[in-house]
Number of protein chains: 2
Amino acid sequence: MVTLADVARHAGVSSSTVSYVLSGKRTISEETRRRVEQAVAELGYHPNARARALAARRSYILALVVPLRADSHEPIMMEIATSVTVAARQYGYDVLLITNDEGPEGVRRVALTGLADGVILMDVGLDDERIPVLRELGTQAALIGLPDDRAGLSCVDHDFAAAGAMCADHLADLGHREIAFVGHTSDTRHDNPTVVGFRERAQERGLRFVHRASEGNYDSTAGTFARIFADRPATTAFVVQNDGAIGPLLNLLRTSGRTVPEDASVVALCPDRVAEQHTPRLTTVSGSYQDLGRVAVEQLLRRLTAVSRGEEPTDEQLLLTPTLTVRESTAPRV
Amino acid sequence: MVTLADVARHAGVSSSTVSYVLSGKRTISEETRRRVEQAVAELGYHPNARARALAARRSYILALVVPLRADSHEPIMMEIATSVTVAARQYGYDVLLITNDEGPEGVRRVALTGLADGVILMDVGLDDERIPVLRELGTQAALIGLPDDRAGLSCVDHDFAAAGAMCADHLADLGHREIAFVGHTSDTRHDNPTVVGFRERAQERGLRFVHRASEGNYDSTAGTFARIFADRPATTAFVVQNDGAIGPLLNLLRTSGRTVPEDASVVALCPDRVAEQHTPRLTTVSGSYQDLGRVAVEQLLRRLTAVSRGEEPTDEQLLLTPTLTVRESTAPRV
DNA sequence: TTGTACGCGTTATCAA
DNA sequence: TTGATAACGCGTACAA
């Protein structure tokens with residue numbers, strides 16, 4: 001293994017000079033810089049991360065805590081995880097994966113042992129049990145998802161309320177008056193922000209709507225579908241916040257003799273990738289999960305640099321505005 | 001921060017004794033062990049991972065290299081990543097996430113800087129560009145996927161050929177004679193092991209079959225479906241190796257007046273989670289991605305312990321036998 | 001602009 | 001069964 005001392009010897013300078021050339025924390029004469037860089041190249045020197053971490057008292061590692069059984073969320077989780085990793089690398093950080101089967105202790109462990117400099121929490125619930133640990137240890141963190149008590153924390157999430165409102169607006173603009181919102185049965189929250197945003201905007205625009213749930217499979221969606229038309233036969237548009245219900249819904253519309261978008265418009269709240277897979281390709285309101293990961297990394301790194309300067313880190317709460325992408329599944333009401 | 005020296009002082013022993021109590025690498029008298037453990041508890045000592053890594057010359061971190069744009073593979077990737085992490089934790093290791101946008105250099109970086117003790121490569125291709133780096137640096141690794149040249153490497157993968165054969169056997173046992181295999185257009189390999197395994201067993205059992213591809217959306221699958229029945233009107237069973245084509249296929253069967261499984265049997269090569277979502281619930285031949293991750297971790301750790309003992313690590317190539325789960329989509333041919 | 005020297009918190013060797 | 005103590009390789013305050 002080639003060490004800093006080896007490079008120093010080879011270049012005829014002290015090892016601290018080599019260190020400073022590499023870190024750029026000191027002004028170095030052009031001549032010695034050249035010599036050092038050449039020695040680095042000739043010897044094939046690679047700084048030892050372990051020694052650096054010990055001496056610098058930071059590991060340049062961020063811990064990413066992912067939920068273990070994210071059920072249907074899994075593709076999204078991977079997308080966030082990779083975007084976090086890519087973003088972190090651009091700032092010279094690496095990412096350690098922590099699964100939630102360690103529970104809140106996972107956070108405690110990486111913070112206490114100094115494995116990670118900070119923590120990114122995915123899939124943060126309203127009352128997340130990992131948050132007390134952050135407060136107790138003073139661990140720097142960025143959360144993806146908005147907990148109830150955000151004091152002292154930086155968080156980022158999609159602006160679900162805006163997404164709901166955008167669905168209402170788009171369909172209202174197209175002249176629809178009777179809309180069905182198809183959610184997921186596993187969403188037990190009465191104050192699902194998407195629904196709230198949708199409802200408020202729908203009321204402002206004078207729309208009638210029903211909110212129904214599906215389990216995300218064919219049978220359940222068929223039942224939901226039947227009930228919607230039993231209750232509201234004049235329904236001409238659907239908003240779907242349930243990836244598994246999309247395929248069944250489209251098929252039910254088809255088999256019931258309704259053409260999309262001529263007879264019924266469909267707006268999906270799902271990743272674009274999913275929307276492109278269906279026939280017709282679906283109009284969506286969607287947020288970027290990559291942005292979510294990137295923003296979380298940047299929030300956390302801002303906190304870390306603040307702390308390293310002896311400043312107080314500033315709490316940031318950011319809601320990312322989603323995008324309406326009009327594809328083939330929405331059209332003016334006839 | 002509480003250090004080993006603090007604990008030693010508090011317990012009235014030397015710091016090396018504390019270290020040995022914690023690592024268990026030395027026999028310690030009951031009395032001192034008790035004193036040390038009490039001091040650890042009273043002071044709330046947590047060993048510093050960075051110092052440990054430097055002194056022990058191992059980081060107790062494994063690097064997991066995931067493909068960046070895994071397209072449809074993404075849910076699977078997350079499942080493997082979490083199972084790798086959980087398994088690694090059980091052996092006292094953590095997992096660092098490396099995305100393939102760093103390319104082969106990512107492997108070089110973590111190995112050369114000593115960030116990780118070993119590497120797990122996901123989604124390994126037949127001729128993977130990361131493999132030469134492993135060889136060049138002598139980095140210990142475990143691969144998920146089987147490359148062509150496996151010399152000096154430990155690998156694990158599903159036994160796809162066995163999976164294909166099991167599909168053929170199951171349908172042959174049920175009396176089917178004409179079978180359609182629906183694959184994915186993105187699979188350009190002529191020697192797709194699943195197809196090979198299926199074909200060979202099908203021939204042994206005297207089955208007729210066609211192999212067709214779909215892009216995994218409704219339109220493409222509809223075209224494939226039409227062609228299959230144009231070519232082979234007597235087809236009574238399908239094997240699907242294309243998650244996106246499953247929903248469309250079931251709907252096409254339904255709308256064309258064929259009931260599953262009475263008129264047509266369907267065997268899916270997909271995760272059980274996906275199979276359970278469809279109506280009817282699908283008979284599958286599937287392998288466990290969790291096992292894949294766990295086995296890779298164990299292979300890598302065996303190599304690492306061998307090396308630390310000065311022994312030569314043994315190469316292991318393991319194919320995991322998949323499982324046939326009979327659900328509601330297959331029945332005897334009528 | 002450069003060098004010296006100490007510290008980071010463990011592990012592990014060598015003695016006792 | 002236990003204790004000193006020398007690495008481990010780098011960062012940085014202090015000195016020159």
Side-chain angles (χ1 to χ4, degrees), chain A residues 1-37 39-40 43-61 92 110-117 308-310, chain B residues 1-37 39-40 43-61 92 111-117 304 308-310:
Chain A
M1 161 177 267
V2 183
T3 74
L4 210 58
D6 296 330
V7 176
R9 214 170 302 127
H10 192 90
V13 298
S14 80
S15 57
S16 71
T17 298
V18 178
S19 176
Y20 282 118
V21 168
L22 265 42
S23 71
K25 292 186 179 175
R26 213 187 221 185
T27 47
I28 302 282
S29 76
E30 200 45 55
E31 164 62 7
T32 54
R33 144 162 297 120
R34 208 189 41 68
R35 292 235 306 286
V36 168
E37 281 166 351
V40 165
L43 298 182
Y45 169 73
H46 289 264
N48 183 303
R50 324 206 249 244
R52 185 171 79 131
L54 179 59
R57 287 143 165 198
R58 33 185 0 196
S59 60
Y60 293 92
I61 289 177
V110 295
L112 248 22
T113 61
L115 240 188
D117 298 334
S308 73
R309 286 180 191 154
Chain B
M1 160 177 269
V2 184
T3 73
L4 210 58
D6 296 331
V7 175
R9 216 170 299 127
H10 193 88
V13 298
S14 78
S15 57
S16 67
T17 298
V18 177
S19 175
Y20 282 116
V21 168
L22 266 42
S23 69
K25 293 186 181 177
R26 214 187 219 185
T27 47
I28 301 282
S29 77
E30 201 42 57
E31 165 62 9
T32 53
R33 143 161 297 122
R34 209 191 40 69
R35 292 236 304 285
V36 168
E37 280 167 353
V40 165
L43 298 182
Y45 168 74
H46 288 264
N48 183 303
R50 321 204 252 242
R52 183 170 80 130
L54 179 59
R57 288 147 168 197
R58 34 187 354 197
S59 60
Y60 293 91
I61 289 178
L112 250 21
T113 61
L115 239 187
D117 297 334
L304 290 177
S308 74
R309 287 182 191 153

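All values below were derived from every heavy atom in this structure, side-chain atoms included, with hydrogens, water molecules and symmetry-related copies excluded. Throughout, a chain's letter reflects where its sequence line sits, starting with A, and its residues are numbered from 1.
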Could you tell me the separation between the CZ atom of B:Arg309 and the CG atom of B:Leu304, rounded to the nearest 0.5 Å?
-> 11.5 Å

Considering only side-chain heavy atoms of A:Ala55, which listed nucleotide, D:dG3, C:dG3, D:dG11, is closest?
-> D:dG11

Should A:Thr27 be listed as having a side-chain N or O under 4.0 Å from OP1 or OP2 of C:dT1?
-> yes

C:dT2, C:dG9, D:dG3: which one has an atom nearest the side-chain heavy atoms of A:Thr17?
-> C:dT2

Answer yes or no: is there an ion pair linking A:Glu30 with A:Arg34, defined by an N-O contact shorter than 4.0 Å?
-> no

Rounded to whole angstroms, how far apart are CG on A:Leu54 and P on C:dG7?
-> 13 Å

Please work out if A:Leu4 contacts a base, only the sugar-phosphate, or nothing of the nucleic acid, heavy-atom cut-off 4.0 Å.
-> sugar-phosphate

Trace of the side-chain contact (heavy atoms from CB on, under 4.5 Å) decision for A:Asn48 with A:Thr3 = CA-CA 8 Å; A:Asn48 183 303; A:Thr3 74; over 6 Å; no

Quick one: B:Arg50 CZ to C:dG7 P, roughly how many Å, whole number?
-> 19 Å

Look at the side-chain N and O atoms of B:Tyr60 and state whether any lies under 4.0 Å from the OP1 or OP2 oxygen of C:dT11.
-> no

Side-chain donor or acceptor of B:Arg26 paired with backbone N/O of B:Thr17 under 3.5 Å | no

Quick test: give all pairs of protein nitrogen or oxygen and nucleotides 13-16 of chain D nitrogen or oxygen below 3.5 Å, distance rounded to 0.1 Å.
residue, atom, partner, partner atom, Å
D:dC14, N4, A:Arg26, NH2, 3.3

Atom NE2 of B:His46 and atom CE of B:Met1: how far apart are they, to the nearest 0.5 Å?
-> 10.0 Å

Please tell me which of A:Ser23 and B:Ile28 maps to the more 5' nucleotide of DNA chain D, matching each residue to the nucleotide holding its nearest heavy atom.
-> B:Ile28

Gap separating the NE2 atom of B:His10 from the OH atom of B:Tyr45, nearest 0.5 angstrom | 14.5 Å

Atom CG of A:Asp6 and atom C1' of D:dC10 are separated, to the nearest Å, by 13 Å

Calculate the interatomic distance between B:Arg57 atom CZ and C:dT13 atom C1'; express it in whole Å.
-> 12 Å

Are the side chains of B:Ile61 and A:Leu115 in touch, meaning some heavy atoms are under 4.5 Å apart?
-> yes

Any B:Lys25 side-chain N or O less than 4.0 Å from OP1/OP2 of C:dA12 | yes

Check whether any side-chain N or O of B:Thr32 sits under 4.0 Å from OP1 or OP2 of D:dT2, and answer yes or no.
-> yes

Please determine if a side-chain N or O atom of A:Ser29 lies less than 4.0 Å away from the OP1 or OP2 oxygen of C:dT2.
-> yes

To the nearest Å, how far apart are B:Leu43 CG and C:dG9 C1'?
-> 15 Å

Starting from C1' on D:dT2, measure out to CD on B:Glu30 and report it in whole angstrom.
-> 16 Å

Start with the C-alpha distance between B:Leu22 and B:Val7, add both sets of side-chain angles, then the distance that settles side-chain contact (heavy atoms from CB on, under 4.5 Å), and finish with yes or no.
-> CA-CA 11 Å; B:Leu22 266 42; B:Val7 175; over 6 Å; no

For D:dG9, take OP1 and OP2 only and decide whether either is under 4.0 Å from a side-chain N or O of A:Thr3.
-> no

Whole angstrom is fine here: how far is it from OH in B:Tyr45 over to C1' in C:dG9?
-> 7 Å

Identify which nucleotide among D:dT5, D:dC10, D:dG3 has an atom closest to any side-chain atom of A:Arg52, counting heavy atoms from C-beta outward.
-> D:dC10

What nucleotide among D:dC10, C:dT10, D:dT12 has an atom nearest to a side-chain atom of A:Ala51?
-> D:dC10

Report the distance from atom CZ of B:Arg9 to atom P of D:dA4, rounded to the nearest whole Å.
-> 13 Å

